[in-house]
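Worksheet: one structure, shown below.
Below, chain A is the first sequence line, B the second, and so on; all start at residue 1.
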There are 2 protein chains.
Amino acid sequence: MSFAPTSSTWAATTIDALRGAGFRTGGARRAVIELLARQTCCLSAQEIWDGLRRESRPVGIASVYRVLEVLADLKLVQRLDVGGGVARYEPMLPSGDHHHHLVCDDCGKVEAFSDEPLEDALRDLGDQAGYDVDAHDVVLRGSCGDCRV
Amino acid sequence: MSFAPTSSTWAATTIDALRGAGFRTGGARRAVIELLARQTCCLSAQEIWDGLRRESRPVGIASVYRVLEVLADLKLVQRLDVGGGVARYEPMLPSGDHHHHLVCDDCGKVEAFSDEPLEDALRDLGDQAGYDVDAHDVVLRGSCGDCRV
DNA sequence: TGCGAAAATGATAGCGAGTCTCATAACTGC
DNA sequence: GCAGTTATGAGACTCGCTATCATTTTCGCA
């Protein structure tokens, strides 16, 4: 169980990828990307909006969603649902490394984990089913060590 | 890859479990349970509401959500997110058998699959992380055979 | 460096899933 | 049957997210 936190190069890579795809780079886009680059796990759009506002870099909520949509389409961020009707987003590293999530139903905490055998099993399954799988989410729910006491 | 469809005994078991937990059995509750029992894969609350309406068994949308909430709390149905901001529900069989989902991002189709090695891997992971896991969702996204042509 | 076309941004209205409230209807034990 | 309690349904409401559109910003090009 391990996960290398997002390096600061992700921001640069992402902005390059956007320009390569013909997008211009406005302030909102850069602000969202730079905030995401500093995170180690998933954030909701609201959390991103709050974070930017707290750093005195206010951005329209619509822009936050737009940036996230573009980034998700280009597979530069992963969008995932951990329940509660709120989508969460996190950087996708160019290395292809990624992780999945443990969600505590009691306190709402979200933790990351990664596991290579699990990835292998998932890859095989997609092939087997005739699907061209380009993303997979694994969410384990339960009570974390703290809440179970 | 296999999945035994929900048997009609699930409805009876579920109603018994509700009564055992001190709930009464009104018409809406029974209608939702009986409709769910006939499904082989997950349904959204709206689809359940539409289905009941189509069988001339109209039920308030609030009741549908209430029934689903109670059933999910008692672990008689599994609630899962396959994206799109809509929760889906499906019966949890007493045998403990369950399955996961392949979602086609193009046509929205949802298919079920199950895989024992995957279950083992997930069980091990939960233990390893110190979590008391009581549910897990695995969602593979991509293009299905039909859409990829 | 300055211009203009085209894209990005932000405020706000709109949409839809899901929840809350409360008066009414139905169930259950007696 | 009756009374007490629970379930139900209509509709108002919340909130995450999207669509719209006027304004601002970016960037190729002279």
Requested in this report: Measure from CD on B:Q46 to P on C:dG16 and round the result to the nearest Å.
Outcome: 10 Å

Query raised in the report: Rounded to the nearest Å, what distance is computed from the OH atom of residue A:Y89 to the C1' atom of nucleotide D:dG16?
Result: 10 Å

Report task. May I ask you to test the B:F113-B:H99 pair for a side-chain heavy-atom distance under 4.5 Å? Result -> no

Report task. Would you mind reading off the distance between B:L43 atom CG and C:dA17 atom P, rounded to a whole angstrom? Result -> 15 Å

Report summary line: Separation of D:dG16 atom P from A:I61 atom CD1, nearest Å, is 9 Å

Query raised in the report: Should B:H100 and B:E119 be marked as a side chain to side chain donor-acceptor pair (under 3.5 Å) after you check the CA-CA gap, both sets of side-chain angles, and the distance that decides it?
Result: CA-CA 10 Å; B:H100 299 293; B:E119 299 302 327; 2.9 Å; yes

Query raised in the report: Between B:Y65 and C:dT19, does any side-chain N or O lie under 4.0 Å from OP1 or OP2?
Result: no

Query raised in the report: Start at the 5' end of DNA chain D and walk down; is the nucleotide closest to A:T25 or to A:A45 reached first?
Result: A:A45

Query raised in the report: For the side chain of A:W10 and the backbone of A:M92, is there at least one donor-acceptor N/O pair under 3.5 Å apart?
Result: yes

Query - Whole angstrom value for the distance that separates C1' of D:dT8 from CZ of B:R30 - result: 13 Å

**Report entry** B:V59 side-chain proximity, nearest of D:dG9, D:dC17, C:dG18
**Finding:** D:dG9

**Report entry** Protein-nucleotide distance (A:L71, atom CG; C:dA8, atom P), rounded to Å
**Finding:** 12 Å

**Report entry** Heavy-atom side-chain proximity of B:L122 to B:V138 below 4.5 angstrom
**Finding:** yes

Query raised in the report: Where the side chain of B:R29 meets the backbone of B:V67, is there a donor-acceptor pair that is under 3.5 Å apart?
Result: no

Requested in this report: Could you pick out which residue, B:R79 or A:P58, lies toward the 5' side of DNA chain C when each is mapped onto its nearest nucleotide?
Outcome: A:P58

Query raised in the report: Is any side-chain N or O of B:R24 under 3.5 Å from a base N or O of D:dT5, one able to act as donor and the other as acceptor?
Result: yes

Requested in this report: Let me know the distance between CG of A:L18 and P of D:dC27, rounded to the nearest Å.
Outcome: 12 Å

Query - Nearest-Å distance for atom pair CD/C1', residues B:E47 and C:dG16 - result: 15 Å

Report task. With DNA chain C as reference, determine whether A:A62 or B:V86 sits nearer its 5' end, using the nearest nucleotide of each. Result -> A:A62

**Report entry** Phosphate-side-chain proximity, A:R66 and C:dA7, N/O vs OP1/OP2 below 4.0 Å
**Finding:** no

